[in-house]
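Below: the structure, in structure tokens.
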Amino acid sequence: MQPEKITLEVVVTIFLFFALSLGSFALAWYTGALHRKVAVRLPYPLILVSGIASVIFFIAGYFPAQAVLHYLPGYSCIAGQLIVLIIGVKLMAEAIRFNPEEKIVLIDDRQTLIIVSLAKGINYLFIGMGLGFCYVLNFYVFIVLFGLEIMSIASGLLSGNRFGLHRSIRTLLLISGIAVVSAAIRSIFVQF
């Protein structure tokens, strides 16, 4: 492969990670705001558990896709980016119908913490699968994903706790979905 193509793949991957982290920030904001509203201690383990779960789910989608890549026809990257596109559309639909008063979860025990982390990890599983069909990533990309997730969840949790509920934060979820869709569409067009 050409060096500039590898750099472009990494840039697209980091852009996707930023977009997904923006969604994590918004959800963590709502969680922090709810904990402030009901005067419950912030779920600090959410930061680490959710960050680790995101990376594990991404890896669980990425490596199997890389393993079967050799058995797929030449358009595997387009198929992978279509998976990413579907996840982006799903994120946009969730943002549009998101109602903070109905869908915010109080994380007050380990079971809820794990369920919330697993639910969010499904998006990372399919994003990892989609990227696995397209790109060969190095180990540092996984570290960047973990770092972005930790920073976005921690800052969202603390910001939500400090500033409370704002309906405008929902816009970040929509921007996250739009960014994922635009990255997928861009990658599909580059294949032609």
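Quick caveat: nothing in here was measured; it's all calculated off a predicted structure. Keep in mind that the numbers below use all heavy atoms, side chains included, and drop hydrogens, waters and symmetry copies.
Hydrophobic clustering keeps Val40 apart from Ile115 (ILVMFWY residues linked when any side-chain heavy atoms are closer than 4.5 Å, directly or through intermediates). A continuous path of hydrophobic side-chain contacts links Ile188 to Val181 [ILVMFWY only; heavy atoms under 4.5 Å]. Criterion: ILVMFWY side-chain heavy atoms under 4.5 Å apart, direct or through other members. Under it, Val89 and Phe189 are part of a common hydrophobic cluster. Hydrophobic clustering places Phe58 together with Val141 (ILVMFWY residues linked when any side-chain heavy atoms are closer than 4.5 Å, directly or through intermediates). Ile185 and Phe15 fall into different hydrophobic clusters, where Ile, Leu, Val, Met, Phe, Trp and Tyr are joined by side-chain heavy atoms under 4.5 Å apart, directly or via other members.
Between atom CG of residue Leu157 and atom CZ of residue Arg162 there is a gap of 14.5 Å, rounded to the nearest 0.5 Å. Here Ile114 contributes atom CD1 and Leu46 contributes atom CG; the two are 11.5 Å apart, rounded to the nearest 0.5 Å. Considering CG of Leu20 and CD1 of Ile127, their distance stands at 5.0 Å, rounded to 0.5 Å. Remark: Ser50 OG to Leu27 CG distance equals 9.0 Å, nearest 0.5 Å. Atom CD1 of Ile178 is separated from atom CG of Leu174 by 4.0 Å, given to the nearest 0.5 angstrom. With rounding to the nearest 0.5 angstrom, the CD1 atom of Ile122 is 11.5 Å from the OG atom of Ser117.
Across every non-hydrogen atom of Leu16 and Ala183, the tightest pair is CD2-CB, 3.8 Å. Closest approach of Ser54 and Leu145 over heavy atoms only: O-CD2, 4.3 Å. The minimum heavy-atom distance linking Ser155 with Met151 is given by the pair OG-O, 2.8 Å. Residue Ala179 comes nearest to Ala19 through the heavy atom pair CB-CB, 3.5 Å, listed as atom of the first residue, atom of the second, then distance. Residues Ile150 and Ile47 share a closest heavy-atom pair of CD1-O, 3.2 Å. Across all non-hydrogen atoms, the minimal contact from Gly88 to Val180 is CA-CG1, 3.6 Å.
No side-chain donor-acceptor contact under 3.5 Å links His70 to the backbone of Ala67. With hydrogens and angles disregarded, no donor-acceptor distance shorter than 3.5 Å links the side chain of Ser187 to the backbone of Ala184. Of the possible donor and acceptor atoms, one in the side chain of His35 sits under 3.5 Å from a partner among the backbone N and O of Arg41. A donor-acceptor contact shorter than 3.5 Å is absent between the side chain of Ser176 and the backbone of Leu172. In this structure, the side chain of Gln66 does not engage the main chain of Met129 through any donor-acceptor pair within 3.5 Å.
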Query raised in the report: Do Tyr135 and Val12 pass the side chain to side chain contact (heavy atoms under 4.5 Å, CB included) test, and can you show the C-alpha distance, the side-chain angles, and the key distance before you say yes or no?
Result: CA-CA 10 Å; Tyr135 307 136; Val12 169; 3.9 Å; yes

Requested in this report: Walk me through it: do Met92 and Leu173 pass the test side chain to side chain contact (heavy atoms under 4.5 Å, CB included)?
Outcome: CA-CA 7 Å; Met92 288 171 45; Leu173 294 170; over 6 Å; no

Query raised in the report: Stepwise, does the side chain to side chain contact (heavy atoms under 4.5 Å, CB included) test hold for Ile52 with Phe146?
Result: CA-CA 7 Å; Ile52 291 171; Phe146 180 70; 3.7 Å; yes

Report task. Please step through ring pair (Phe, Tyr, Trp, His ring centres under 6.0 Å) for the pair Phe142 and Tyr62, ending with a clear verdict. Result -> CA-CA 11 Å; Phe142 302 114; Tyr62 177 78; 5.7 Å; yes

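Of the charged side-chain nitrogens involved, at least one lies within less than 4.0 Å of a carboxylate oxygen, so that Lys120 and Glu149 count as a salt-bridged pair.
Phe25 is not listed as a side-chain neighbour of Ile153, based on a closest heavy-atom distance of 4.5 Å or more. At a threshold of 4.5 Å between non-hydrogen side-chain atoms, the residues Cys134 and Val84 do not count as touching. Considering only heavy atoms from C-beta on, Gln81 comes within 4.5 Å of Leu131 through its side chain. Put simply, the side chain of Ser152 does not reach to within 4.5 Å of the side chain of Phe17, judged on heavy atoms. Two residues are said to be in side-chain contact when any heavy atoms from C-beta on lie closer than 4.5 Å; Ile14 and Phe18 meet this criterion. Side-chain contact between Tyr44 and Leu158: present, with at least one pair of heavy atoms (C-beta onward) separated by less than 4.5 Å. Contact annotation: the side chain of Phe133 approaches that of Ile83 to within less than 4.5 Å [non-hydrogen atoms, C-beta and beyond]. The side-chain heavy atoms of Pro45 and Leu113, taken from C-beta on, include a pair separated by under 4.5 Å.
Phe57 and Phe126 have their aromatic ring centers separated by at least 6.0 angstrom.
Within 6.0 Å of atom CZ in Arg186, more than 12 heavy atoms from other residues, nucleotides or ligands are found, so the atom counts as buried in its surroundings.
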